[in-house]
A.B. asks: 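This structure is in structure tokens; I'll ask about it shortly.
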Amino acid sequence: MKKVLGCIRKACEDFDLIEEGDRIGVGVSGGKDSLLLLYALALYRKFSKAHFSLVGLTLTMGLSPMDTSGIRALCDHLEVEYIVRETQIGKVIFEERREKNPCSKMRRGALNELAKEVGCNKVALGHHRDDALETLLLCLLHEGRIHTFHPKSYLSRMDLTVIRPMVYVPEKHVIHVARELNLPVVASSCPANGNTQREEMKALLDRLCKTYPNARELMLSALQNEDQYGLWNRPHKP
């Protein structure tokens, strides 16, 4: 857990992710990544220089009943407010639109709306280092552009900032710590789970690392290279 918190602190310092008075809505899907983010941010509150509050936000997808009792118990233990919003997003995507590789735009939009509704000025998502590298490969090989998500993005239309505090955390640490903490992971009901273009990029990244063991570190270094690429530009500080 010390490694995870260290990575979060560095990301917060590099990108000014958390500021005084923030009310942060943590998107909690029930997966290991979002649950670890929730747990880590609850701990981070104790030694962060900036005072901030948290609220866990879960959207049900309407595909099958979702047992959120474990997540609620965790939030109670962490002294974090928890809100569940029932939706039919899954049915719209898979039954009406019949999308084979659905993106998360509709779910992300609903999460942002819920965050604004409950008074949040920021939304925290559980993307880790490997997610950023897989997105880089996805954009390069499927869209022909060098791009990945940014650790901090301002959505001007909603006056909402999206932050990703775990962008420096390797997925192997997420898996290890989530198992060590026995986090209440909820199995995904998504029909496309494990069968998406992103999963293909995950497998490709694993193959690359078998040939080039430090490939993940070098790709992360490229993301941080502001002078040449500018993908993860840090805010200028006085």
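Values below: every heavy atom of this structure, side chains too, minus hydrogens, waters and symmetry copies.
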A.B. asks: Does the side chain of Arg164 reach to within under 4.5 Å of the side chain of Ser153, using non-hydrogen atoms?
C.D. replies: yes
A.B. asks: Other residues, nucleotides and ligands only: do more than 12 of their heavy atoms fall within 6.0 Å of CD on Glu143?
C.D. replies: yes
A.B. asks: Relative to Phe52, does Arg23 satisfy both conditions: NZ or CZ under 6.0 angstrom from the six-membered ring centre, and within 45 degrees of the ring's axis?
C.D. replies: no
A.B. asks: Do Leu43 and Val167 land in one hydrophobic cluster if side-chain heavy atoms of ILVMFWY residues count as linked below 4.5 Å?
C.D. replies: yes
A.B. asks: Is there a donor-acceptor contact under 3.5 Å from the side chain of Glu20 to the main chain of His51?
C.D. replies: yes
A.B. asks: Inspect the contact between Glu117 and Arg85 and indicate whether a charged nitrogen and a carboxylate oxygen are less than 4.0 angstrom apart.
C.D. replies: yes
A.B. asks: Could you check if a side-chain atom of Val26 sits within less than 4.5 angstrom of a side-chain atom of Leu57, using non-hydrogen atoms only?
C.D. replies: no
A.B. asks: Give every residue pair that meets the salt bridge (charged side-chain N to carboxylate O under 4.0 Å, His left out) criterion with at least one member in residues 122-132, sequence neighbours excluded.
C.D. replies: Glu19-Lys122, Asp22-Lys122, Arg129-Glu217, Asp130-Arg216
A.B. asks: Whether the Arg107 and Thr87 side chains hold a donor-acceptor pair (N or O, under 3.5 Å, no angle test) is what I'd like checked.
C.D. replies: no
A.B. asks: Could you grab the distance from atom CG of Leu5 to atom CE of Met166, nearest 0.5 Å is fine?
C.D. replies: 11.0 Å
A.B. asks: Where do His128 and Tyr168 land on the ring-ring contact (aromatic ring centres under 6.0 Å, His included) test, with the steps shown first?
C.D. replies: CA-CA 6 Å; His128 47 65; Tyr168 288 149; over 10 Å; no
A.B. asks: Where the side chain of Thr58 meets the backbone of Val28, is there a donor-acceptor pair that is under 3.5 Å apart?
C.D. replies: yes
A.B. asks: Does the side chain of His127 come within less than 4.5 Å of Asp33's, by heavy atoms?
C.D. replies: no
A.B. asks: With a 4.5 Å cut-off on side-chain heavy-atom distances among I, L, V, M, F, W and Y, is there a chain of contacts connecting Met201 to Leu140?
C.D. replies: yes
A.B. asks: Is Val80 reachable from Met1 through a run of hydrophobic residues whose side-chain heavy atoms are each under 4.5 Å from the next?
C.D. replies: yes
A.B. asks: Cluster question for you: counting only ILVMFWY and a side-chain heavy-atom cut-off of under 4.5 Å, with indirect links fine, are Met158 and Val123 together?
C.D. replies: yes
A.B. asks: Could you go step by step and tell me if Arg45 and Ser53 meet the side-chain hydrogen bond (donor to acceptor under 3.5 Å, both in side chains) rule?
C.D. replies: CA-CA 8 Å; Arg45 285 182 305 184; Ser53 61; over 6 Å; no
A.B. asks: Is any side-chain heavy atom of Ile163 closer than 4.5 Å to a side-chain heavy atom of Ile24?
C.D. replies: yes
A.B. asks: Could you check whether any side-chain N or O of Ser34 sits under 3.5 Å from a backbone N or O of Ser29, counting only pairs where one atom can act as donor and the other as acceptor?
C.D. replies: yes
A.B. asks: Under 6.0 Å from the CG atom of Asn182, do we count more than 12 heavy atoms belonging to anything else shown?
C.D. replies: no
A.B. asks: Would you say the side chain of Thr60 lies within less than 4.5 Å of the side chain of Val84, judging by non-hydrogen atoms?
C.D. replies: yes
A.B. asks: If you draw a 6.0 Å radius around OH in Tyr154, do more than 12 non-hydrogen atoms from other residues or ligands fall strictly inside?
C.D. replies: yes
A.B. asks: Looking only at heavy atoms, which two atoms of Ala124 and Pro165 are closest? And how far apart?
C.D. replies: CB-CD, 4.3 Å
A.B. asks: Would you mind reporting whether Lys116 and Asp159 have side-chain heavy atoms less than 4.5 Å apart?
C.D. replies: yes
A.B. asks: Decide yes or no for Leu183 and Leu74: does some side-chain heavy atom of the first lie under 4.5 Å from some side-chain heavy atom of the second?
C.D. replies: yes
A.B. asks: Using every non-hydrogen atom in the two residues, find where Gly70 and Pro184 come nearest and quote the distance to one decimal.
C.D. replies: O-CG, 3.5 Å
A.B. asks: Check Ala110 against Leu59 and note the closest heavy-atom contact, atom names and distance.
C.D. replies: CB-CD1, 3.7 Å
A.B. asks: Check whether any side-chain N or O of Trp232 sits under 3.5 Å from a backbone N or O of Phe15 as a donor-acceptor pair, and report yes or no.
C.D. replies: no
A.B. asks: Output yes when Lys10 and Asp14 qualify as a salt bridge under the 4.0 Å nitrogen-oxygen rule, no when they do not.
C.D. replies: yes
A.B. asks: With a 4.5 Å limit on heavy-atom distance, are the side chains of Tyr39 and Leu78 in contact?
C.D. replies: yes
